[in-house]
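Below, each value reflects all heavy atoms present in this structure, side chains not excepted, and no hydrogens, waters or symmetry copies. All ligand and atom numbering here is 1-based and tracks the order in the structure.
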Amino acid sequence: MRGFVIKNCDVFGLKGEQPEFRFGHDIWVDGNRIKAITPTNPGQEGPDVEQIDGAGMLAVPGMINTHAHVPMVLLRGAAEDVPLTEWFNDYIFPMESNLTPEDVYWGALLGIAEMIEAGITYVADHYFFMDQVAEVVQTSGMRANLAWAVFEHEGVEKLKETTHFITRWQGKANGRITTWLGPHSPYLCGPEFLHTCAHVAKDLDIGVHIHAAETQEQVDASLAQYQKTPIRLLLDAGILERPTILAHCLYPTDEDLQVIADHPAGVGQAPKTYLRAGMGLRDIEQYQARGIPLGLATDGAASSSTLDLYEQMRLMALTQKFIQADARKASLGEILRIAFLGGAEVCREPEVGKLEPGYLADIVLLRQDRAASMPRLNPAANLVYALGAADVDTVICDGQVLMRGRKLLTINKAEVKQEVERRLARLVQRVPGRKVAVYPT
Ligand SMILES: [Zn+2]
């Protein structure tokens with residue numbers, strides 16, 4: 001059984017809604033789990049136990065990314081300063097028709113490298129050619145919930161194909177991989193198709209990861225076409241009977257919110273995308289008051305530039321205070337709870353999101369030696385507003401060290417850079433009439 005101890009670090013936790021810090025503690029890891037967290041006592045570890053020096057570092061759980069399109073890092077910067085409809089129809093959907101499985105493989109490597117560097121150890125990913133993403137999750141050491149994105153126009157045959165992916169990878173990589181179904185959205189998958197998805201998900205006993213109610217226009221169009229909101233469509237199709245990740249869900253009605261609260265569904269939000277795309281923002285108290293799980297998401301890098309949840313966390317706190325013109329909103333405890341435990345709840349993963357004995361050993365060490373991290377009058381405020389992805393020093397997932405001293409141990413970044421650059425010119429071509437889907441207008 002492999003094991004090690006992280007010596008003399010500060011440990012972040014939550015006591016109820018209050019942030020709690022234990023200074024000068026050791027974290028004992030046995031196999032893929034945290035065994036104990038004890039005050040540092042030099043020499044206690046004995047000569048045989050491998051040590052990681054945590055002096056001066058802050059230990060936090062690995063961040064949980066509740067909605068992403070990881071290989072989209074290939075299209076970072078490819079569609080800037082354009083509204084959502086153009087973004088989809090004139091740039092992203094045409095460019096995505098160029099993707100090959102090999103492109104997705106190298107994109108996944110780049111995206112996962114970026115996430116490890118940013119202290120993210122879990123991602124709920126929603127994209128194409130997911131066998132390639134699963135392969136990279138396996139070799140990189142990350143933990144993931146993977147859903148193959150499907151559109152109705154691809155047909156039930158395509159949906160069936162993705163179920164083979166689901167059975168191939170479910171529980172693989174020492175249990176680090178979970179596979180769900182990924183119908184794209186109620187605007188690109190109609191009621192009957194969604195109904196079939198719900199059946200398939202039930203048969204396979206899995207969850208569903210889907211975009212929903214992203215803009216008011218989508219809700220209005222759904223009401224005009226079906227006399228139902230997108231959330232009501234998902235309910236009536238049976239999707240919400242399954243564990244469900246609702247990506248974005250910025251425009252649920254009051255009734256929709258109650259429907260979500262009554263079902264095993266959670267919401268992943270990426271405020272940076274909403275700010276950049278001018279999609280508007282939602283008062284998060286409306287989810288929280290009803291006990292709806294809420295977590296942070298990066299979305300794809302083509303809409304949010306970075307796979308960085310520290311940035312999303314900070315933007316969520318700031319925008320909530322801003323839209324409600326109230327400094328008391330989105331308190332440190334509330335935001336930190338969303339960032340860690342909230343993400344675990346959205347992804348239905350009760351064994352991550354917390355540094356406590358018995359939890360899976362997904363641990364991140366942040367350096368606290370930049371001037372901006374000093375002094376530590378309020379470590380929780382530093383964590384939300386001053387520290388960031390660039391302070392991540394060491395990343396451990398499932399008891400395996402993936403990065404140490406900012407050096408990636410499972411991914412060769414120089415090789416990834418070269419392979420990605422070699423593909424760019426072809427990937428950004430836009431051939432008239434060729435796109436993976438059409439965003440309805
Ligand atoms: Zn998305």
Side-chain angles (χ1 to χ4, degrees), residues 64-76 78-79 82-89 91-93 95-96 99 104 107-108 111 114-115 120 122-130 133 144-152 162 180-189 194 197 207-215 217-219 230-231 234 239 244-252 265-282 294-309 311-312 315-316 343 346-347 435-440:
I64 294 160
N65 189 354
T66 61
H67 172 70
H69 313 286
V70 174
M72 274 186 106
V73 290
L74 294 168
L75 303 179
R76 191 186 338 255
V82 291
L84 199 60
T85 306
E86 265 175 87
W87 185 86
F88 271 126
N89 285 339
Y91 294 89
I92 300 305
F93 283 163
M95 290 176 186
E96 284 182 332
L99 287 169
V104 165
E114 180 179 353
M115 284 191 289
I120 297 171
Y122 186 105
V123 63
D125 198 40
H126 191 272
Y127 213 54
F128 318 112
F129 304 121
M130 293 303 284
V133 180
N145 171 322
L146 304 177
W148 193 312
V150 281
F151 306 109
E152 178 169 11
T162 76
W180 282 13
L181 216 56
H184 184 273
S185 57
Y187 54 88
L188 290 173
C189 301
L194 290 172
C197 290
V208 177
H209 184 170
I210 188 165
H211 299 93
E214 300 163 306
T215 66
E217 290 74 29
Q218 285 175 11
V219 177
I231 298 302
L234 295 180
I239 295 282
T244 307
I245 296 175
L246 297 167
H248 314 311
C249 196
L250 288 168
Y251 293 91
V267 173
Q269 293 206 331
K272 190 177 176 191
T273 287
Y274 315 147
L275 291 167
R276 284 183 42 141
M279 290 161 67
L281 291 158
R282 185 74 182 213
L294 177 67
L296 294 172
T298 60
D299 208 3
S303 64
S304 67
S305 296
T306 52
L307 307 183
D308 176 351
L309 290 176
E311 199 180 17
Q312 298 282 358
L315 284 171
M316 182 176 272
V346 170
C347 298
K435 49 183 90 169
V436 291
V438 178
Y439 185 74

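- Proximity of the aromatic rings of Tyr187 and His184 is defined here by a centroid distance below 6.0 angstrom, and this criterion is met.
- His126 lies apart from the Zn ion (ligand 1) in this respect, since none of its N, O or S atoms is found at a distance under 2.8 Å.
- Expressed to the nearest 10°, the angle at the Zn ion (ligand 1) joining NE2 in His69 with OD1 in Asp299 is 80°.
- Using the six-membered ring where Trp is involved, His67 and His126 have ring planes that are tilted, between 30° and 60° apart.
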* Asked: Checking side chain to side chain contact (heavy atoms under 4.5 Å, CB included) for the pair Thr85/Glu217: CA distance, chi angles, key distance, verdict?
  -> CA-CA 11 Å; Thr85 306; Glu217 290 74 29; over 6 Å; no
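- For the Zn ion (ligand 1), the set of nearby N, O or S atoms under 2.8 Å includes one belonging to His67.
- For the side-chain contact (heavy atoms from CB on, under 4.5 Å) criterion with Glu114, the lone passing option out of Val70, Leu307, Ile120 is Leu307.
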